[in-house]
Amino acid sequence: MRKKTRTRLLAGVTAMCCVLPQMRAEAAESLAGDVNADGTVSVADAVSLVRFLTNEAETIASPQNADMNGDAKLNVSDLTLLKRLLLGKKQSVRSVYVTNTEELKAALADAQAGDEIVLAEGTYVYSGSTAKGYMFQSGGEGTEEAPIRIHSENPEKPAVLSGSDIEHNFVFSIFGDWWIVEDLVLTTAQKGMILDNSNHSIIRNVEVCNLGSEGIHFRDDSSYCLAENCYVHDTGLISPGYGEAIYIGSAKNTTEYGHDCHYNTVRGCKLGPNVAAEHIDVKEYTIGTLIEDCIFDGKGMSGENYADSFVDIKGNDCVLRNCVGYRNGCEKINRAFESNQVVDGWGQNAFVYGNKAYMDTPTNAGGKKMYFLNCWDCTVTAWDNFIAYEDETLKSVDDPADKWSYYNCNMITYGDASYEEKLP
């Protein structure tokens, strides 16, 4: 278990530190990052600071040099800047330590490439007016070399960003490129996390829950983004038909947002229970979505607005692999996965392999077969997939002679591991 770091006021730290020889003190005063006051900046200085922040050491030789951002406090922000210095990165980046809602709003409004926004443990409830429902938001632009990172100081007790009800507003919205959002909880609003016109951004280890509609939305020409190790549950509490856990792109009749949401990845996420719509909805006009290593809990799916499967693929060149779905007795789920051609030429060239579906029963509530995959007039290549019914014994679904028992697909190709070389 990771040890909790602490924050100390610099004056208090100074009082506890030993009196140093004059030469050593002069070196300490002149070299930022020289935590152990030996006249150089090295990994040993980072080790000294970590030991101090985790209570393994009561003092450090030069608290002034450890105060990398000059805020008269010693905490994880200073450690991050020291690590960046050791890695040869520019020390001109800023680390902003946030303890309340107004500080968070200010940090987001002023976010610049390379910034690190560190949230202290606690709940940040948005207050004040919002523009078009956006609460915590930022248009700051990161770069590949200097992304903007926002995260909790203590991942084991993550900061909570919250609205005041599940009927209105969006918890957190990003409008810039190259963001890293980590170790947060987003809750109690209409929508959770939205990326609008944001490319190369990462949402990692974020819990999203208690929402009126969807959890995470990659929207408005947001491409090359990643949702990784996120936990999304209890969505669609007001609008069940729009309560997807993760939503990629926009529907064909949407005019206010760009549809080019390409090459986004959903990896290692736990989605459900009580996700009212699909766990992942990949909309038409999107290209190259990758969904892998996810777990779907079907309990609580509503069946509204055709939400009756774990994943619905309507874009092109989508890869769905190594995921596990559990129907968990939800009678609204009629099939494990599906692909649909909502627009001519879309919903094509999917690769579906290495997945397992525990579906409870061979017949759905409508009296039809409980298919592993339903896709009509959509091209798909499938292999190494399994399904289980009442006894939870997994059966291969990839025998072409028994196709119609598991695949309701008129344009399916049975592949094998060699087809991975053909992935888009």
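Computed over heavy atoms, backbone and side chain alike; hydrogens, waters and symmetry mates excluded.
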Side-chain heavy atoms of [X] within contact of [Y], under 4.5 Å:
X	Y	answer
F310	I280	no
L119	Y124	yes
V380	L373	yes
Y285	V343	yes
T289	V319	no
L186	V206	yes
K252	V342	yes
V35	N65	no

[X] side chain to [Y] backbone, donor-acceptor under 3.5 Å:
X	Y	result
T235	G243	yes
T286	G249	no
D78	M68	yes
Q341	G345	yes
D177	N199	yes
T143	A113	no
Q348	W346	yes
R321	V352	no
S302	E304	yes
N364	M370	no

Side chains of [X] and [Y]: do they bring a donor and an acceptor to under 3.5 Å?
X	Y	value
N328	D297	yes
N349	N316	no
H217	E244	no
S201	S198	yes
N197	D221	no

Show the numbers, then the answer: is there a side chain to side chain contact (heavy atoms under 4.5 Å, CB included) between I180 and H151? CA-CA 8 Å; I180 301 173; H151 65 98; over 6 Å; no

Assess whether side chain to side chain contact (heavy atoms under 4.5 Å, CB included) is satisfied between L226 and N264, documenting all intermediate values. CA-CA 6 Å; L226 168 66; N264 294 299; over 6 Å; no

What's the verdict on side chain to side chain donor-acceptor pair (under 3.5 Å) for N210 and D234, showing C-alpha distance, side-chain angles and the deciding distance? CA-CA 5 Å; N210 193 35; D234 293 278; over 6 Å; no

Check the pair E116, R94 against salt bridge (charged side-chain N to carboxylate O under 4.0 Å, His left out), reporting the backbone distance first and the verdict last. CA-CA 6 Å; E116 179 187 40; R94 302 178 302 172; over 6 Å; no

CA sep, side-chain torsions, deciding dist, call: V397, Y407, side chain to side chain contact (heavy atoms under 4.5 Å, CB included): CA-CA 8 Å; V397 300; Y407 290 103; 3.3 Å; yes

Could you walk me through whether S418 and D416 pass the side chain to side chain donor-acceptor pair (under 3.5 Å) check? CA-CA 5 Å; S418 68; D416 54 46; 2.3 Å; yes

What's the spacing between [X] [atom1] and [Y] [atom2] if we round to 0.5 Å?
X	Y	atom1	atom2	answer
H279	C294	NE2	SG	10.5 Å
N205	E228	CG	CD	7.5 Å
D71	Y97	CG	OH	9.5 Å
K191	R219	NZ	CZ	5.0 Å
S42	N36	OG	CG	6.0 Å
I166	I238	CD1	CD1	4.0 Å

What are the two closest heavy atoms between [X] and [Y], and how far apart are they?
X	Y	value
A159	S152	N-OG, 2.8 Å
S127	E102	OG-OE2, 3.6 Å
F172	L184	CE2-CD1, 4.4 Å
M135	A189	CE-CB, 3.8 Å
C225	L195	SG-CD1, 3.9 Å

E141 atom CD, over 12 foreign heavy atoms within 6.0 Å: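 More than 12 heavy atoms, drawn from other residues, nucleotides or ligands, come within 6.0 Å of this atom.
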
Using a cut-off of 6.0 Å, state whether more than 12 heavy atoms not belonging to F351 lie near its atom CZ.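 Yes, enclosed.
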
Report yes if the distance between the aromatic ring centroids of [X] and [Y] is under 6.0 Å, otherwise no.
X	Y	value
H259	Y257	no
Y247	F218	no
F175	Y134	yes

Check step by step if salt bridge (charged side-chain N to carboxylate O under 4.0 Å, His left out) holds for D183 and R204. CA-CA 7 Å; D183 302 318; R204 180 183 290 129; over 6 Å; no

Under 6.0 Å from the six-membered ring centre of Y419 and within 45° of its axis: does the NZ or CZ of K422 meet both?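 K422 over Y419 ring: yes.
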
Indicate the ring-plane relationship of Y224 and Y263, choosing parallel, tilted or perpendicular according to the 30° and 60° boundaries.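 Answer is parallel, since the angle falls under 30°.
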
With Y358 as reference, evaluate Y326, F296, F386, F372 under the ring-ring contact (aromatic ring centres under 6.0 Å, His included) test and give the passing residue.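 When ring-ring contact (aromatic ring centres under 6.0 Å, His included) is applied between Y358 and each of Y326, F296, F386, F372, only Y326 qualifies.
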
What's the verdict on side chain to side chain contact (heavy atoms under 4.5 Å, CB included) for T188 and V160, showing C-alpha distance, side-chain angles and the deciding distance? CA-CA 10 Å; T188 316; V160 178; over 6 Å; no

Show the numbers, then the answer: is there a ring-ring contact (aromatic ring centres under 6.0 Å, His included) between F136 and Y126? CA-CA 7 Å; F136 296 106; Y126 190 91; 5.2 Å; yes

Assess whether a salt bridge exists between R335 and D308, defined as any Lys/Arg side-chain N lying under 4.0 Å from an Asp/Glu carboxylate O.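 Between D308 and R335 there is a salt bridge, with a charged N closer than 4.0 Å to a carboxylate O.
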
Charged N to carboxylate O below 4.0 Å: is that the case for D281 and K314?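 Looking at D281 and K314, the cut-off is met.
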
I would like to know whether N340 and D312 meet side chain to side chain donor-acceptor pair (under 3.5 Å); could you show each step before the answer? CA-CA 7 Å; N340 289 290; D312 190 352; 2.9 Å; yes

